[in-house]
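As the structure is a computational prediction, the values presented were derived from the model and not from experiment.
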Amino acid sequence: MDRQKEKAILEAVLFTMGESVEVERLSAVIEEDQKTTRELLMEMKEEYDDTACGVTLIELDDSFQMCTKAEMYEYLIKIAKTPRKYVLTDTLLETLSIVAYKQPITRAEIEKIRGVSCDHAVNRLVEFGLITEVGRMDAPGRPLLFGTTEEFLRSFGVKSLEELPELSAVQIEEFKMQAEQEASVQLEV
């Protein structure tokens with residue numbers, strides 16, 4: 001195998017791993033001895049440092065890691081500080097409101113209220129950091145209990161759950177009707 005191909009393999013491994021990888025493991029991947037592998041890694045580091053690219057290699061003990069050059073941090077901060085944007089569909093909002101008002105609550109209890117499966121909605125809300133697992137119910141199967149997070153409070157501009165508006169009986173009926181309509185649409189498909 002030629003040196004460029006070996007460097008490309010090392011680069012791909014280090015980029016994908018995102019953490020430090022031991023020289024011993026890297027040498028096994030490219031089927032070279034550790035001395036040759038270290039030489040290749042040092043060449044790569046020099047190439048990164050000599051060109052106008054945003055990454056470099058750092059050596060940690062007997063490992064190497066691909067990382068961002070220090071002079072790029074100010075640009076990373078601009079992205080990292082940008083709030084995540086997510087879209088809350090009607091289904092997600094309904095599921096979120098059920099969790100907010102009834103927490104701690106299980107998936108089965110959410111499904112009983114909505115009348116339809118809530119797996120996707122719960123998973124998305126967990127992914128968005130708006131709800132989280134808060135424990136397990138003391139019942140057969142020990143189902144997970146879900147509750148809202150601090151991110152939920154921040155996103156909706158409330159300091160505590162007590163600040164949430166009260167639901168009227170009319171709003172509760174509207175939620176039930178919307179869930180039933182959603183269920184009938186899913187059955188038709």
Side-chain angles (χ1 to χ4, degrees), residues 13-21 54-58 60-61 63 65-186 189:
V13 168
L14 291 170
F15 175 80
T16 303
M17 294 302 290
E19 57 189 32
S20 63
V21 181
V55 296
T56 189
L57 292 181
I58 58 171
L60 306 163
D61 288 328
S63 301
Q65 180 174 350
M66 181 177 279
C67 64
T68 307
K69 287 183 179 177
E71 60 266 25
M72 297 296 147
Y73 288 169
E74 68 180 279
Y75 305 105
L76 291 174
I77 290 169
K78 288 179 182 178
I79 291 292
K81 284 190 174 181
T82 304
R84 284 185 291 175
K85 293 181 181 170
Y86 41 76
V87 176
L88 293 176
T89 63
D90 289 346
T91 300
L92 293 180
L93 282 171
E94 289 169 14
T95 304
L96 182 57
S97 65
I98 291 167
V99 173
Y101 283 96
K102 299 284 189 178
Q103 64 185 306
I105 189 167
T106 66
R107 285 180 198 257
E109 291 169 325
I110 297 168
E111 289 175 359
K112 185 176 180 186
I113 293 168
R114 291 204 64 239
V116 294
S117 173
C118 69
D119 285 343
H120 174 73
V122 168
N123 292 340
R124 293 295 287 172
L125 293 170
V126 167
E127 180 183 322
F128 293 157
L130 297 172
I131 67 172
T132 190
E133 297 171 7
V134 294
R136 290 190 174 270
M137 181 181 267
D138 192 17
R142 307 231 341 118
L144 289 170
L145 291 167
F146 293 93
T148 55
T149 63
E150 284 184 5
E151 180 63 27
F152 165 79
L153 297 175
R154 271 191 294 281
S155 295
F156 288 90
V158 293
K159 293 179 186 158
S160 71
L161 295 174
E162 286 76 38
E163 289 186 11
L164 291 176
E166 295 214 11
L167 285 178
S168 68
V170 172
Q171 288 171 314
I172 292 169
E173 283 305 311
E174 285 177 7
F175 280 155
K176 286 183 181 176
M177 284 177 30
Q178 288 172 350
E180 288 169 5
Q181 288 173 346
E182 186 181 320
S184 67
V185 167
Q186 287 181 352
V189 176

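Here Cys67 contributes atom SG and Met72 contributes atom CE; the two are 12.0 Å apart, rounded to the nearest 0.5 Å. Considering CD of Glu71 and OG1 of Thr56, their distance stands at 8.5 Å, rounded to 0.5 Å. Separating the OG1 atom in Thr68 from the CG atom in Leu76 is a distance of 5.0 Å, to the nearest 0.5 Å. With values rounded to the nearest 0.5 angstrom, Cys118 atom SG is found 6.0 Å from Arg107 atom CZ. Between the CG atom of Leu125 and the NE2 atom of His120 there is a distance of 9.0 Å, given to the nearest 0.5 Å.
Nearest heavy atoms, Ile98 versus Arg114: CD1-CG, 3.2 Å. In terms of heavy atoms, Ser155 sits closest to Leu130 at OG-CD2, 3.7 Å. Met66 and Leu57 get closest at one heavy-atom pair: CA-CD2, 3.8 Å. The two residues Ser20 and Leu60 come nearest to each other via the heavy atoms CB-CD1, 3.9 Å.
Formation of a donor-acceptor pair under 3.5 Å by the Thr149 side chain with backbone atoms of Gly129 is found in this model. Gln65 places no side-chain N or O within 3.5 Å of a backbone atom of Ile58 that could act as its donor or acceptor partner.
With respect to Ile131, the side chain to side chain contact (heavy atoms under 4.5 Å, CB included) criterion is satisfied by exactly one of Ile105, Asn123, Thr95, Leu96: Leu96.
A salt bridge links Arg154 with Glu151: the distance from a Lys NZ or Arg NE/NH1/NH2 to an Asp or Glu carboxylate oxygen falls below 4.0 Å.
Using a 4.5 Å heavy-atom threshold, the side chains of Leu161 and Gln103 count as touching. Between Phe128 and Leu88 there is a side-chain heavy-atom pair separated by less than 4.5 Å. Residues Ile110 and Glu94 have side chains not in contact (no heavy-atom distance under 4.5 Å, counting atoms from C-beta outward). Residues Val116 and Thr91 fail the side-chain proximity criterion, which asks for heavy atoms closer than 4.5 Å.
The neighbour count for Asp119 CG, taken as heavy atoms of other residues, nucleotides or ligands under 6.0 Å away, is above 12. Surrounding CD of Glu150 are at most 12 heavy atoms belonging to other residues, nucleotides or ligands under 6.0 Å away. Heavy atoms of other residues, nucleotides or ligands lying less than 6.0 angstrom from OH of Tyr75 number 12 at most. Environment of NZ in Lys102: sparse, with no more than 12 heavy atoms of neighbouring residues, nucleotides or ligands closer than 6.0 Å.
Listed by first then second residue, pairs satisfying ring pair (Phe, Tyr, Trp, His ring centres under 6.0 Å) with a partner in residues 130-155 read Phe152-Phe156, not counting sequence neighbours.
Applying the salt bridge (Lys or Arg N to Asp or Glu O under 4.0 Å) criterion to Arg136, with sequence neighbours excluded, gives no partner residue.
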